[in-house]
Amino acid sequence: MMDITEIEEQSALDKIKKGERLDDRGLEDFRDVEVETGVAKKAEGSAEVRLGDTKVIVGVKFGMGEPFPDTPDEGMLMVNAELGPMASPNFESGPPGKDATELARVVDRGIRESEALPLKELCVEEGEKVWKVMVDIHILDYDGNLMDASALGAAKALIEAEIPEYEDGEVKREKTKEFPVNKVPVACTVVKVGDKYILDPSLIEEKIADGMVTVTWTEDELCSLQKRGNGGFTKDELLDIFEIARKKTDGLRKIIE
Amino acid sequence: MMDITEIEEQSALDKIKKGERLDDRGLEDFRDVEVETGVAKKAEGSAEVRLGDTKVIVGVKFGMGEPFPDTPDEGMLMVNAELGPMASPNFESGPPGKDATELARVVDRGIRESEALPLKELCVEEGEKVWKVMVDIHILDYDGNLMDASALGAAKALIEAEIPEYEDGEVKREKTKEFPVNKVPVACTVVKVGDKYILDPSLIEEKIADGMVTVTWTEDELCSLQKRGNGGFTKDELLDIFEIARKKTDGLRKIIE
Amino acid sequence: MMDITEIEEQSALDKIKKGERLDDRGLEDFRDVEVETGVAKKAEGSAEVRLGDTKVIVGVKFGMGEPFPDTPDEGMLMVNAELGPMASPNFESGPPGKDATELARVVDRGIRESEALPLKELCVEEGEKVWKVMVDIHILDYDGNLMDASALGAAKALIEAEIPEYEDGEVKREKTKEFPVNKVPVACTVVKVGDKYILDPSLIEEKIADGMVTVTWTEDELCSLQKRGNGGFTKDELLDIFEIARKKTDGLRKIIE
Amino acid sequence: MKKDKKLLKNGKRIDGRGIGDLREMEAEAGVLERADGSGYFRMGDTEAIAAVFGPRELHPKHKQKPQRGILQCRYNLAPFSVEDRKRPGPSRRAKEIGKVAEGALSSTVFLEEFPTATIDVYMEVITADAGTRCVALNAGAIALADAGIPMKGIISACAAGKIEDTPVLDLKGEEDQGGQVDLPIAMNADTGEVTLLQMDGMTNIEEMDEMLELAIKGCEKVAKKQREALMKTF
Amino acid sequence: MKKDKKLLKNGKRIDGRGIGDLREMEAEAGVLERADGSGYFRMGDTEAIAAVFGPRELHPKHKQKPQRGILQCRYNLAPFSVEDRKRPGPSRRAKEIGKVAEGALSSTVFLEEFPTATIDVYMEVITADAGTRCVALNAGAIALADAGIPMKGIISACAAGKIEDTPVLDLKGEEDQGGQVDLPIAMNADTGEVTLLQMDGMTNIEEMDEMLELAIKGCEKVAKKQREALMKTF
Amino acid sequence: MKKDKKLLKNGKRIDGRGIGDLREMEAEAGVLERADGSGYFRMGDTEAIAAVFGPRELHPKHKQKPQRGILQCRYNLAPFSVEDRKRPGPSRRAKEIGKVAEGALSSTVFLEEFPTATIDVYMEVITADAGTRCVALNAGAIALADAGIPMKGIISACAAGKIEDTPVLDLKGEEDQGGQVDLPIAMNADTGEVTLLQMDGMTNIEEMDEMLELAIKGCEKVAKKQREALMKTF
């Protein structure tokens, strides 16, 4: 006998085979995307992203730090994600596990590899003092597709962020100026279920996925890939997936720019 | 069927209803208070406090450190408590849990808020070097009322402490001078059981408490409060409790001064 | 009924009583000792040691660090051991437990106490910069006698190590010079089983040991001892054990010099 | 504590409030989908979200109590909720607040109805501008009610304090930094019982009486706001 | 990234390889005794050892799945495997690689044959000179086969990349540092399916096509080497 | 090690002791109430308290042994026991000493009488002036006897050492810092068997013979002191 989850999974699967979805979306449709900014008043930039019932807050804080020895004249980017127990009955308190680590690192690479941030301009004193850009992803409600929601929130929070002045050895948070973002990396996860592709998977749909690829595009370049879950893809499937993601990220980028 | 602990708890409860206690104390009596100093020879100040079978050692060590950025000309106070596995069959090894953390923080606030320590005088070089006053609470035997025992031990250990000289960039532990304590914060926990108040609860009595308030007084001011456990108090009850604690802390203070 | 392990243990025990061993070695014979160097190309020195099915890699890395305050003009030795889950079905992932800690510390003391390393020569700038000699023991396959294998590997890796040049504030790993080792500490663990002594115990033999002593000798001095396991030894037994270990370590030392 | 700035002028505070005024409040129930109950509370710039899961089986089993359930709280500040980014995960301060929050909320829940179970209350502070534990508790109490947990009354919290020797209600960040006393309380607004009480600073019984009086009146206003939010969800 | 050194000259790379050449490989099965299966793989200077334990009972029990087994990976760099000694224990990077390795290997194992069980794959990198996750996976796949785990095909991995605007196969350390794109993949050489795919750097679809083509051909050569190693053990 | 100070003069040590003299000792049994057994031991300025809990059920269950109980030790230095305040919790050194203490005490307990159980020995050093592991073990052995655990004999410990090329008994702090060899042992005073043995420093077999002889005689005196303390509790 199947339990409720299994029955739901089977329904989701049956629907997708017929080109339909449980919530009547088209296979390549996202749920409603809502983006709100200024949600965390102490952050220098923040954004809340909702994809249906999935809800993520991203906050950006600036701080002063010592640069890495191999990049003495560059600011530092740090991305952290917490899958706290609030977001799901299955999450536990404690240090970030594999899922949170992967989430943070995929978002990090999207920003880093796209050279979205002007790291050289974030150097205050070579080898001594550079700005740290600290991006914290806080998951509030988890109904699938954390990757796309988090990447979108991070991009928006960075776009919105204002950098404090640094005067007389102190960070002056009351004085800020605009923080330039060179590129806007946006992620889209393409999910294979049987011989179909779907986008923006709900929690149930993630469970029945045969594999997923999170593709991060800037306006005109592919800057990060991450295949997730079990299952495999042929080369032709991958090339299709990159194109599907490209189109969708163009649309998502418009929402936050 | 009740197990032994439940039977004991029931007896304690029945007694208190009649204004009596298992060990024949009056409701507002402390168990025998014994305070011994100089018990840890490598500490700059130390005290062992016994409240009946409860036994606590507090040691004070001084060290040199960098001040907090927002108080560059003040020494630093650190209070830590270990509820090690020695003290009770129910304590486990590992990092401090909620109980140890609360214990340390309540004792810390009593000392900090009463301005007992001359923190400004503990500055050696502004922004660079200040004394750290490190108070470690070590629980040896746990039969209730760790808060009052620990706070009393901490106050006594600080009164007894002698501060080392700092010469030529080194802490000289062989040369010490007196360490001035401005105020003597003393804690008294008032426990509500039914419609009665009791003081200095044993382990069994803590279990049947409807709520407790730990009240810290200096000679003439109330400097810290902490309601503990479930249950609630009306405003009038609270005002009574503050007075009960005031009288009792006056008595306890005499023991250690 | 005994399980397979118990039957094996019983056979090992019976054999030893008769002066024999499961693998037909003599009581004081080591299994084949194989030592290979240069096995970790990024290490400044490395050695793989095999004692039968036991297999250990030791790597030596040099780094620059601040000296300990009480030895401002000396380099620092650090020895670490990982009993990773690869080496045995019974090892778990996680921070080093008691066994790994003991292993690292016994190897550490053999090197430190024999004054094998010229720590004074490893000072670059007194009180500021000294070389750290970092010895990492990695267990790949565990069939008993990790102590002797690890100590031998550590000695060999240090002998093989070349120290980088330090120029213009940077470690230049492409330029190296010889690293002098003054003494060669070698460990031999003597195991008591009933009234017999055996050397180089296999995993099964370690389980039936009545006690072991790990004895570390340099060419001419005893520099470290560690009694391990339960059981006890009379003084005369101990003096015998030191001599047995001396002879055997002389032989082992020849293999690595 | 810097005391150079004047915090009170002609009985008015830096943001124009009177002695006994709360900051502007906002409350909402049912803000999350996965949790069994959830709540949002804002007081001035300080805001928090809370989620409730349970009653559900307590793990590990040896912590289960045969006679009654337990209520567990996690109080946490988001890394971006404060001036200088906070390391993720509960600090010592947060652990202590989690514990007193358990005391504050447990008293109102009929835990004897849920033997062996746990009710988990997770509170996240999104922006911290003083009064974080009170705001978190207010969100937590809404979440408990939203989860349908049977309760003896709503728990409502706010802080009184002392600035420039004057008892006042609901300190905001600058007042807190320059203040002399911080007195957060939580109250069962239906029974009038104080279920959380902490205090830092130097004071006396007369001032305590005044501050408690202010805080109790504040809690009543908070309770009204919480109830309004809960009404909207029915 | 320092880009001052010329990495390509007349179609040849710093170590003399052509655009589509792998580094020299070495493979061995059954290198450990205690593990149920083990493997060694080397590609140029990068080398790794892997051990497989299982199928065996999964602890804690509440993680067991009634319908199928799970495959768990640990990827770790030895402290002495890199230029500056690495702190022991898996870093954030290593945790992530462990997770994608699970995805890469799980797809080939008949996990439905082992309900409630776990198959543990432990991979240790001994020397790191770029391509560590691929080399570790190649050792891991050999170890799985050596352990007799029923599989749909061997998993083989290698990375393509872009240096000086040119797609190339199997970057070594200096190329990786000066490179523009890193594209590690793992492939089931029997089905042609890509089971691990990561990419960092800026590129476009045409280049991706070229790089994937190079990497897929590389994986086929890796598979040959793995099979040879496994043949020797029979 | 600073060797500028003269540690031996005319056969006398800095505190006036002869070569083979122990420091002044103090011993007490039953110093704690909650523990099943407890002990206190002091040797000069070094002092320790020990508590024994058990035999009691071992958790987690999969560590239980069907044939015999186990004995577990925790050795810890109080943060204020040393010159520079120590971070709370067992260090690497303390973990190792816990392990050798288990070996030293297990040998004397009839563990086969307690299948599946654990006996836990917790030792806390209050003041450390050399010889801490021996003093802790002496307290631990008293605690075991005080708990009524059946034993083959009392375990007694002390250290010999070498200062200025001379074997001596029971080094105090300054001697330890300026010394050449440290040789802590524990002995079953009833059987004469050495159950803990560690040694650091450079020496030879003749010196070892002398030092062991000194230490064994020392342990006998320690045993006398322990037995006196235990007698007082009956």
Side-chain angles (χ1 to χ4, degrees), chain C residues 2-3 6 69-71 74 78-81 95-106 108-110 112-116 183 185 192 209-218 220-243 245-246, chain F residues 1-2 66-68 70-74 83-84 90-109 111 152-153 155 177 180-188 191-209 211-213 215-216:
Chain C
M2 291 191 294
D3 62 24
E6 284 170 309
D70 53 343
T71 51
E74 290 188 7
M78 280 168 227
V79 179
N80 177 66
K98 282 183 175 182
D99 290 338
T101 301
E102 183 184 38
L103 175 58
R105 284 182 56 86
V106 170
D108 181 303
R109 285 204 299 266
R112 190 180 302 276
E113 298 298 331
S114 65
E115 296 173 15
K183 307 251 182 175
K192 192 163 92 171
D210 290 313
M212 323 187 213
V213 184
T214 298
V215 185
T216 309
W217 281 94
T218 65
D220 38 38
E221 280 179 303
L222 190 55
C223 60
S224 165
L225 291 173
Q226 182 92 336
K227 185 240 146 182
R228 294 156 52 210
N230 303 347
F233 297 86
T234 65
K235 187 184 140 197
D236 288 342
E237 287 176 334
L238 290 173
L239 294 174
D240 285 349
I241 282 168
F242 304 157
E243 286 294 357
R246 173 166 209 168
Chain F
M1 302 190 196
K2 304 171 213 159
Q67 317 283 359
R68 61 203 304 270
I70 66 166
L71 181 147
Q72 303 184 100
C73 289
R74 182 186 195 256
E83 288 295 311
D84 293 318
S91 63
R92 270 164 54 105
R93 173 182 173 270
K95 275 193 207 173
E96 184 199 359
I97 292 179
K99 184 165 192 290
V100 293
E102 285 168 7
L105 296 175
S106 292
S107 64
T108 197
V109 172
L111 289 169
K152 295 162 201 163
I155 298 294
Q177 278 159 39
Q180 297 156 304
V181 170
D182 182 28
L183 175 78
I185 74 164
M187 192 175 84
N188 181 329
T191 65
E193 279 192 323
V194 173
T195 65
L196 176 142
L197 172 76
Q198 294 185 292
M199 194 275 291
D200 294 343
M202 284 201 278
T203 185
N204 56 41
I205 292 206
E206 293 67 41
E207 286 177 351
M208 276 301 305
D209 195 340
M211 287 187 287
L212 280 172
E213 197 59 39
I216 286 169

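From a predicted model like this one, the values you see are computed outputs, not experimental measurements. By convention in this document, chain letters (A, B, ...) are assigned in the order of the sequence lines, proteins followed by strands, and residues within each chain are numbered from 1.
F/Q67 contributes atom CD, which lies 5.5 Å from atom CD of C/E6 (distance to the nearest 0.5 angstrom). Note that CG of F/L197 is 9.0 Å distant from CD1 of C/I241, once rounded to the nearest 0.5 Å. If you take OG1 on C/T101 and CD1 on F/I97, they are separated by 12.0 Å, rounding to the nearest 0.5 Å. Atom CG in F/L183 sits 7.0 Å away from atom CG in C/L225 (nearest 0.5 Å). From F/L105, atom CG reaches atom CG of C/N230 across 10.0 Å, with rounding to the nearest 0.5 Å.
No other option in C/R228, C/K98, C/E237, C/R112 has as many heavy-atom pairs under 4.5 Å with chain F as C/K98. For the options F/M208, F/Q198, F/M202, heavy-atom pairs under 4.5 Å to chain C are most numerous at F/M202. In terms of non-hydrogen atom pairs under 4.5 Å with chain F, the most contact-rich of C/R246, C/E221, C/R105 is C/R105.
For the salt bridge (Lys or Arg N to Asp or Glu O under 4.0 Å) test, no residue two or more places apart in sequence or in another chain qualifies with F/K95. Here F/N204 pairs with nothing under the side chain to side chain donor-acceptor pair (under 3.5 Å) rule; sequence neighbours left out.
Contacts between F/E102 and chain C at a heavy-atom distance below 4.5 Å involve backbone atoms as well as side-chain atoms. For F/E206, no part sits under 4.5 Å from any heavy atom of chain C, backbone or side chain. In this structure, chain F has a heavy atom under 4.5 Å from the side chain of C/V213, while its backbone stays farther away. Neither the backbone nor the side chain of F/L71 comes within contact range of chain C; no heavy atom of the residue lies under 4.5 Å from a heavy atom of that chain. In this structure, chain C has a heavy atom under 4.5 Å from the side chain of F/I216, while its backbone stays farther away. Contacts between C/L103 and chain F at a heavy-atom distance below 4.5 Å are absent for every atom of the residue. For F/N188, no part sits under 4.5 Å from any heavy atom of chain C, backbone or side chain.
No side-chain heavy atom of F/V194 sits under 4.5 Å from any side-chain heavy atom of C/T234. Between C/Q226 and F/D200 the shortest side-chain heavy-atom distance does not fall below 4.5 Å.
Looking only at distances, a side-chain donor or acceptor of C/K227 sits under 3.5 Å from a matching main-chain atom of F/T195.
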- Task: Could you go through the side-chain contact (heavy atoms from CB on, under 4.5 Å) check for F/V100 and C/E102 one step at a time?
- Result: CA-CA 9 Å; F/V100 293; C/E102 183 184 38; 3.7 Å; yes

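Nearest heavy-atom pair, F/S107 versus C/G231, reported as atom, atom and distance to 0.1 Å: CB-N, 3.5 Å.
A salt bridge links C/R109 to F/E96: at least one charged side-chain nitrogen sits closer than 4.0 Å to a carboxylate oxygen. Between C/D99 and F/K99, at least one side-chain N (NZ, or NE/NH1/NH2) sits under 4.0 Å from a carboxylate O, which counts as a salt bridge.
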